[in-house]
Amino acid sequence: MARRVETKSKREPMPTIIGAGITEQCYFTHLKAIFDYRVKVRPRFFGNETADGMAKKIAEVIADGGTAICVYDADVSTWNAVERGKLEKLRIRYAKSKRVILCDSMPAAEYWFLLHYENTNRHFGTSGAVIQELKQFLPDYEKSEKFLGNRKWVADMCSEGKLDQAIARAKQFGYEGESYSRMDQVFDIINGIKPKAE
């Protein structure tokens, strides 16, 4: 009689979001709760605004067999040549990697948020300029723990198909030019491994 061999199905590890600060951390924490995404959002993977800090966190995630999804603001590359060079080296290093996805927004994550409401890729000189435009739709928006920690702003922003619109707009505009966001690529990854429908 043949012995029964137990086999465990090996589940893909959850992707880990690595982000520059509290804005990205709160946004993805709320998204995970609202849509039940299979993704890790841990405070220790947020808050380091440098390419070197991001590289260390990437190395940690891939050493554990995971996928690193890095979300960050690209505006630093317009005024800091050293940081621009380091970010470009990261982009080249991981260009063909399926385990490291670099998702920047120019000038900042708020441009990605704006795409939920407005079909635009016009030039915004600073993150402050994008925030002023965003406030037409989210009047109370501010980069504070009090505002960002409340799930309602993300729920409102994603309601009525607006998240799908933002994804489509980011893809339509592409990733070159004065305003862009690669944040749609995050959803390509996490939508592919979501355990259940919304």
Side-chain angles (χ1 to χ4, degrees), residues 10-77 80 82-113 116 127 141-151 153-155 157-158 163 166-167 170 175 180-195:
K10 190 166 184 178
R11 205 170 170 180
E12 279 290 310
M14 284 192 282
T16 300
I17 305 289
I18 297 171
I22 188 173
T23 304
E24 294 87 352
Q25 182 182 350
C26 289
Y27 174 69
F28 282 102
T29 298
H30 298 326
L31 278 179
K32 181 177 177 171
I34 294 165
F35 295 109
D36 196 29
Y37 285 128
R38 265 192 86 239
V39 64
K40 291 180 188 173
V41 183
R42 306 238 168 93
R44 68 187 176 110
F45 288 111
F46 289 87
N48 197 324
E49 304 262 353
T50 68
D52 291 337
M54 193 163 43
K56 287 177 186 170
K57 292 187 184 334
I58 290 169
E60 184 181 337
V61 169
I62 59 176
D64 285 342
T67 299
I69 301 174
C70 306
V71 293
Y72 60 96
D73 298 342
D75 62 348
V76 68
S77 64
N80 186 328
V82 172
E83 198 68 9
R84 179 173 54 243
K86 289 178 179 181
L87 287 170
E88 188 56 32
K89 283 180 184 173
L90 273 179
R91 190 163 292 291
I92 291 166
R93 179 176 180 183
Y94 294 114
K96 295 182 180 177
S97 174
K98 291 184 179 178
R99 294 186 53 211
V100 178
I101 295 88
L102 301 175
C103 301
D104 58 332
S105 294
M106 178 60 127
E110 285 79 10
Y111 173 69
W112 165 249
F113 303 156
H116 291 67
S127 60
Y141 183 86
E142 61 180 45
K143 292 174 86 76
S144 70
E145 202 167 323
K146 181 180 178 185
F147 177 83
L148 296 171
N150 184 335
R151 188 182 302 167
W153 71 277
V154 175
M157 190 168 65
C158 294
L163 177 57
I167 292 168
Y175 312 125
Y180 65 86
S181 180
R182 286 186 173 91
M183 201 77 87
D184 62 292
Q185 295 175 11
V186 175
F187 297 92
D188 291 345
I189 299 294
I190 61 180
N191 280 327
I193 61 166
K194 254 192 339 177

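Since the structure is predicted, the reported quantities are computational estimates derived from the model, not experimental observations.
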Engineer: Could you tell me whether a side-chain N or O of Arg99 sits under 3.5 Å from a main-chain N or O of Thr67, the two making a donor and an acceptor?
Structural biologist: no
Engineer: Nearest 0.5 Å please: distance from the NZ atom of Lys96 over to the NZ atom of Lys98.
Structural biologist: 12.0 Å
Engineer: Given side chains that start at C-beta, do those of Ile34 and Arg151 come closer than 4.5 Å, heavy atoms only?
Structural biologist: yes
Engineer: Show, in sequence, the C-alpha distance, side-chain angles and deciding distance for Glu88 and Arg93, and conclude whether the salt bridge (charged side-chain N to carboxylate O under 4.0 Å, His left out) test is met.
Structural biologist: CA-CA 8 Å; Glu88 188 56 32; Arg93 179 176 180 183; over 6 Å; no
Engineer: Nearest heavy-atom pair of Ser105 and Ser181: which atoms, and what distance?
Structural biologist: OG-OG, 2.8 Å
Engineer: On the 0 to 90° scale, with breaks at 30° and 60°, tag the His30-Trp153 ring pair as parallel, tilted or perpendicular.
Structural biologist: perpendicular
Engineer: Look up atom CD1 in Ile18 and atom NZ in Lys56, then write down how far apart they are to the nearest 0.5 Å.
Structural biologist: 13.0 Å
Engineer: Which pair of non-hydrogen atoms, one from Ile17 and one from Phe45, has the smallest distance, and what is that distance?
Structural biologist: O-CB, 3.5 Å
Engineer: Of all heavy-atom pairs between Cys103 and Val186, which one has the smallest distance, and what is that distance?
Structural biologist: SG-CG2, 3.7 Å
Engineer: Can you check ring-ring contact (aromatic ring centres under 6.0 Å, His included) on Phe113 and Tyr27, steps first, answer last?
Structural biologist: CA-CA 10 Å; Phe113 303 156; Tyr27 174 69; 5.0 Å; yes
Engineer: Mind listing the side-chain donor-acceptor pairs of residues 19-26 below 3.5 Å, one per line with the distance, residues two or more places apart or on another chain?
Structural biologist:
unit_1, atom_1, unit_2, atom_2, d
Thr23, OG1, Lys143, NZ, 3.1
Glu24, OE1, Gly21, N, 3.2

Engineer: Find the distance between CD1 (Ile69) and CZ (Arg182) and round it off to the nearest 0.5 Å.
Structural biologist: 14.5 Å
Engineer: Is the number of heavy atoms from other residues, nucleotides or ligands within 6.0 Å of CZ (Arg91) greater than 12?
Structural biologist: yes
Engineer: Walk me through it: do Glu110 and Tyr141 pass the test side chain to side chain contact (heavy atoms under 4.5 Å, CB included)?
Structural biologist: CA-CA 10 Å; Glu110 285 79 10; Tyr141 183 86; 2.5 Å; yes
Engineer: State, to 0.1 Å, how close Asp184 and Ala170 come at their nearest heavy-atom pair, and which atoms those are.
Structural biologist: OD1-CB, 3.6 Å
Engineer: Give a yes-or-no answer on whether the side chains of Tyr175 and Asp104 include a donor-acceptor pair shorter than 3.5 Å.
Structural biologist: no
Engineer: With heavy-atom distances below 4.5 Å as the criterion, would you say the side chains of Pro107 and Asp73 are in contact?
Structural biologist: no
Engineer: If the condition is side chain to side chain donor-acceptor pair (under 3.5 Å), which residues does Asp75 pass it with, not counting sequence neighbours?
Structural biologist: none
Engineer: Kindly indicate whether the side chain of Leu87, heavy atoms from C-beta on, has any atom under 4.5 Å from the side chain of Met54.
Structural biologist: yes
Engineer: Step by step, would you call Tyr94 with Ile58 a side chain to side chain contact (heavy atoms under 4.5 Å, CB included)?
Structural biologist: CA-CA 10 Å; Tyr94 294 114; Ile58 290 169; 3.6 Å; yes
Engineer: Are Phe187 and Phe35 close enough that some pair of their side-chain heavy atoms sits under 4.5 Å apart?
Structural biologist: no
Engineer: Write down the atom of Pro15, the atom of Val39, and the distance for their closest heavy-atom approach.
Structural biologist: O-CG2, 3.3 Å
Engineer: Can you tell me how far the OG1 atom of Thr16 sits from the CE atom of Met14, to the nearest 0.5 Å?
Structural biologist: 8.0 Å
Engineer: Taking atom CZ of Arg42 and atom CZ of Phe28, what is their separation to the nearest 0.5 Å?
Structural biologist: 15.5 Å
Engineer: Restricting to non-hydrogen atoms, name the atom on Lys86 and the atom on Asp52 that form the minimum distance, rounded to 0.1 Å.
Structural biologist: NZ-OD2, 2.8 Å
Engineer: Establish, yes or no, whether a centroid distance under 6.0 Å links the rings of Tyr72 and Trp112.
Structural biologist: no
Engineer: How many angstroms lie between atom CD1 of Ile92 and atom NZ of Lys89, to the nearest 0.5 angstrom?
Structural biologist: 9.0 Å
